[in-house]
Amino acid sequence: MTKVNSLPEPLRIVLALRAHEWFGDVDDAALAGLARCSRWVEFEPGDMLLSEGQDATSCLLVCHGKLQGLRYTPEGGDKVFGHVGPGGFLSVLNLFEASPRHLHCARAIETGAACLLNGAALRRLCGEHAGLAGRLLRHAANLVRHHTDQIDWLTSSSAEERLAEYVLRAGRPKANQPINLPLTHSQIAVKLGMRAETLSRIFAKWRREGYISDGRGMLRVLRPERLEALTRAGHADKQQA
């Protein structure tokens, strides 16, 4: 069986585009044209693929592995906005700004590969294929809704409610098993709009009350129903506001 890594670079890109739902009705010649002026890039953990503020002349379509979208705080810490895995894009909407610039850095957290798609060629393709342009607009609308909901959540919930929801959503705790949160404590604090000291105080309170344990660097949720109650209280407060 032929391995993708043994194929010529443009053909690898065409196959990746063809497998993505946005490009399902785009003809082969048009995909080949986009592939010819794009690049296949492979990455290892820690590699930086995009830089915040850099001119956005291309975007990334992740094919294998995982990337983080992040910015750096003035103190040099990480402000992680999200993780992008196979089938996800980074900086695709920035290509349509009047002066396109990357909003985030893109850092690899797993070994993988991506298509670095030429921005001018992708814009031309959207102009020629209404279906592709429509799918990209739906993606933009979904992001607007997601970020509006995030702002609403950050401004209408307490720090403890936000942390409870994050631990349940990101850690998916099961029956006293250790959970693996994808961010460090300082990154979680920045993401949830609280100081690191506030996060530490909440974890200390939960330990005292028997909600969690975290020996040997492993976090266990002992009473998930208490965290669930906190998240329900946060959503109830939001509906009453």
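Residues take their numbers from the sequence shown, with the count starting at 1.
Counting heavy atoms from C-beta outward, Asp28 and Arg18 have side chains that approach closer than 4.5 Å. Between Leu93 and Leu136, the closest side-chain pair of non-hydrogen atoms falls below 4.5 Å. Taking 4.5 Å as the limit, some side-chain heavy atom of Phe23 sits within range of a side-chain heavy atom of Leu125. Taking 4.5 Å as the limit, every side-chain heavy atom of Leu95 sits out of range of all side-chain heavy atoms of Leu117. For the pair Tyr211 and Leu222, the minimum side-chain heavy-atom distance is 4.5 Å or more. Using a 4.5 Å cut-off on side-chain heavy atoms (C-beta onward), Arg135 and Asp25 make contact. Counting heavy atoms from C-beta outward, Cys105 and Leu50 have side chains that stay 4.5 Å or more apart. Counting only heavy atoms from C-beta outward, the side chains of Ile212 and Arg226 never approach each other to under 4.5 Å.
Here the side chain of His64 pairs no donor or acceptor atom with the backbone of Thr111 at under 3.5 angstrom.
Taking the six-membered ring for Trp and the full ring otherwise, the centers of Phe203 and His185 sit less than 6.0 Å from each other.
Atom CG of Asn180 is surrounded by 12 or fewer heavy atoms from other residues, nucleotides or ligands within 6.0 Å. Sparse packing is recorded around CZ of Arg172, with 12 or fewer heavy atoms of other residues, nucleotides or ligands lying under 6.0 Å away. The local environment of CZ in Arg195 is sparse, with at most 12 non-hydrogen atoms from other residues, nucleotides or ligands closer than 6.0 Å. Annotation: Arg39, atom CZ; neighbour count of heavy atoms from other residues, nucleotides and ligands within 6.0 Å does not exceed 12. For Arg169, the CZ atom sits in a packed shell: over 12 heavy atoms of surrounding residues, nucleotides or ligands are nearer than 6.0 Å.
In plain terms, the two heavy atoms of Ser58 and Ser91 that are nearest each other are O-CB, 4.4 Å. The two residues Leu230 and Glu161 come nearest to each other via the heavy atoms O-CG, 3.4 Å. Ile13 approaches Trp40 most closely through the heavy-atom pair CD1-N, 3.8 Å. In this structure, Leu154 and Arg162 approach most closely via the heavy-atom pair O-NH1, 3.3 Å. The nearest pair of heavy atoms linking Leu227 to Ala164 is O-CB, 3.7 Å. Between Thr198 and Ala159, the shortest heavy-atom contact is CG2-CB, 4.0 Å.
To the nearest 0.5 Å, the span separating CZ on Arg71 from NZ on Lys79 amounts to 7.5 Å. In this structure, Arg107 CZ and Phe43 CZ are separated by 13.5 Å, a value rounded to the nearest 0.5 Å. Taken to the nearest 0.5 Å, the CH2 atom of Trp206 stands 11.5 Å off from the CG atom of Asp214. Here the straight-line distance linking atom CG of Leu49 with atom CD of Gln68 works out to 12.5 Å at 0.5 Å rounding. Considering SG of Cys115 and CG of Leu122, their distance stands at 11.5 Å, rounded to 0.5 Å. Distance check: Asp55 CG to His102 NE2 gives 8.0 Å after rounding to the nearest 0.5 Å.
No chain of hydrophobic side-chain contacts below 4.5 Å, direct or via other Ile, Leu, Val, Met, Phe, Trp or Tyr residues, connects Val41 to Leu17. No continuous path of ILVMFWY side-chain contacts below 4.5 Å connects Ile188 to Ile151, so the two sit in separate hydrophobic clusters. Grouping the Ile, Leu, Val, Met, Phe, Trp and Tyr side chains by contacts below 4.5 angstrom, directly or via other members, places Leu163 with Leu181. Following chains of ILVMFWY side-chain contacts shorter than 4.5 Å, one cannot reach Phe96 starting from Leu90, and the two form parts of different hydrophobic clusters. No continuous path of ILVMFWY side-chain contacts below 4.5 Å connects Val190 to Leu183, so the two sit in separate hydrophobic clusters.
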* **From CA spacing to verdict: side-chain contact (heavy atoms from CB on, under 4.5 Å), Val92, His139** => CA-CA 10 Å; Val92 65; His139 172 67; 4.2 Å; yes

* To do: List the steps, then state whether side-chain contact (heavy atoms from CB on, under 4.5 Å) holds for Leu70 with His104.
  => CA-CA 5 Å; Leu70 73 152; His104 310 108; 6.0 Å; no

* To do: With side-chain contact (heavy atoms from CB on, under 4.5 Å) as the test, would you mind laying out the steps for Ile109 and Leu67 before giving the verdict?
  => CA-CA 6 Å; Ile109 56 174; Leu67 302 175; over 6 Å; no

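Ion pairing of Arg12 with Glu42 is present here, as a side-chain N (NZ or NE/NH1/NH2) and a carboxylate O approach within less than 4.0 Å.
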